[in-house]
Amino acid sequence: QVQLAESGGGLVQAGDSLRLSCVASGLSIRNYHMVWFRQAPGKEREFVAGTRPSGGITYYADSVKGRFTYSRDNAQNTVYLQMNSLKPEDTAVYYCAADRQIILSSLRSADAYDYWGQGTQVTVSS
């Protein structure tokens, strides 16, 4: 049974940092596309950052480039999202997602992913 467990969210002020973690069980992340999405109230779920199984290029949403850093630790079966210089517009529930086979053009599409965590709330006050 595949499980993705996010943690690390919280309430912070603008300019602060948070580090999210996603621990995977029931799969080996080295074989999966591992990504982060977020969903703000009243908005669609949007891609934040992630990589393909081979690692290599990390893809980011334009809105987080230069502020967020994605990383993965295959030995710990965990992916991370380091979020710096947080803004109120970063407020959302952040989800970890995984899928084994995704074409590159669908990497940023939530519909492409079979496995999801329960999400962790990030709230940034101004």
Pairwise distance [atom1]([X]) to [atom2]([Y]) - rounded to 0.5 angstrom:
{"X": "C22", "Y": "W116", "atom1": "SG", "atom2": "CH2", "value": "11.0 Å"}
{"X": "Y115", "Y": "Q1", "atom1": "OH", "atom2": "CD", "value": "10.0 Å"}
{"X": "S85", "Y": "D16", "atom1": "OG", "atom2": "CG", "value": "9.5 Å"}
{"X": "Y113", "Y": "L107", "atom1": "OH", "atom2": "CG", "value": "4.0 Å"}
{"X": "W36", "Y": "T51", "atom1": "CH2", "atom2": "OG1", "value": "12.0 Å"}
{"X": "K87", "Y": "S126", "atom1": "NZ", "atom2": "OG", "value": "13.5 Å"}

To check you understand the geometry: which heavy-atom pair defines the closest contact between [X] and [Y], and what is its length?
{"X": "N74", "Y": "R30", "value": "CB-NH2, 3.6 Å"}
{"X": "A14", "Y": "P88", "value": "CB-CD, 4.2 Å"}
{"X": "D99", "Y": "D114", "value": "OD2-N, 2.8 Å"}
{"X": "L27", "Y": "A98", "value": "CD2-CB, 4.2 Å"}
{"X": "A97", "Y": "F37", "value": "CB-CD1, 4.3 Å"}
{"X": "A49", "Y": "L81", "value": "CB-CD1, 4.1 Å"}

Distance under 6.0 Å and angle within 45° of ring axis: R19 vs Y80: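 Output yes; distance and angle both within limits.
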
Is there a path from [X] to [Y] through hydrophobic residues (I, L, V, M, F, W, Y) whose side chains come within less than 4.5 Å of each other?
{"X": "L104", "Y": "I57", "answer": "yes"}
{"X": "I103", "Y": "Y32", "answer": "no"}
{"X": "I29", "Y": "Y70", "answer": "yes"}
{"X": "M34", "Y": "F47", "answer": "no"}
{"X": "Y95", "Y": "Y59", "answer": "yes"}

Main-chain N/O of [Y] paired to [X] side chain as donor or acceptor, under 3.5 Å:
{"X": "T69", "Y": "M83", "value": "no"}
{"X": "D73", "Y": "T78", "value": "no"}
{"X": "R52", "Y": "T58", "value": "no"}

P53 and N31, any side-chain heavy atoms less than 4.5 Å apart: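 A side-chain contact under 4.5 Å is absent here.
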
CD/Q13: more than 12 non-hydrogen atoms of other groups inside 6.0 Å: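 Counting neighbours around CD of Q13, 12 or fewer heavy atoms of other residues, nucleotides or ligands fall under 6.0 Å, so no.
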
Contacts of type side chain to side chain donor-acceptor pair (under 3.5 Å), residue Q121, not counting sequence neighbours: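 Applying side chain to side chain donor-acceptor pair (under 3.5 Å) to Q121 gives T123.
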
Test: D90 and R38 ion pair at under 4.0 Å: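 Yes, this pair counts.
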
Test side-chain contact (heavy atoms from CB on, under 4.5 Å) applied to T120 - qualifying residues, sequence neighbours left out: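 For T120, the residues satisfying side-chain contact (heavy atoms from CB on, under 4.5 Å) (neighbours in sequence not counted) are E6, L20, Y94.
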
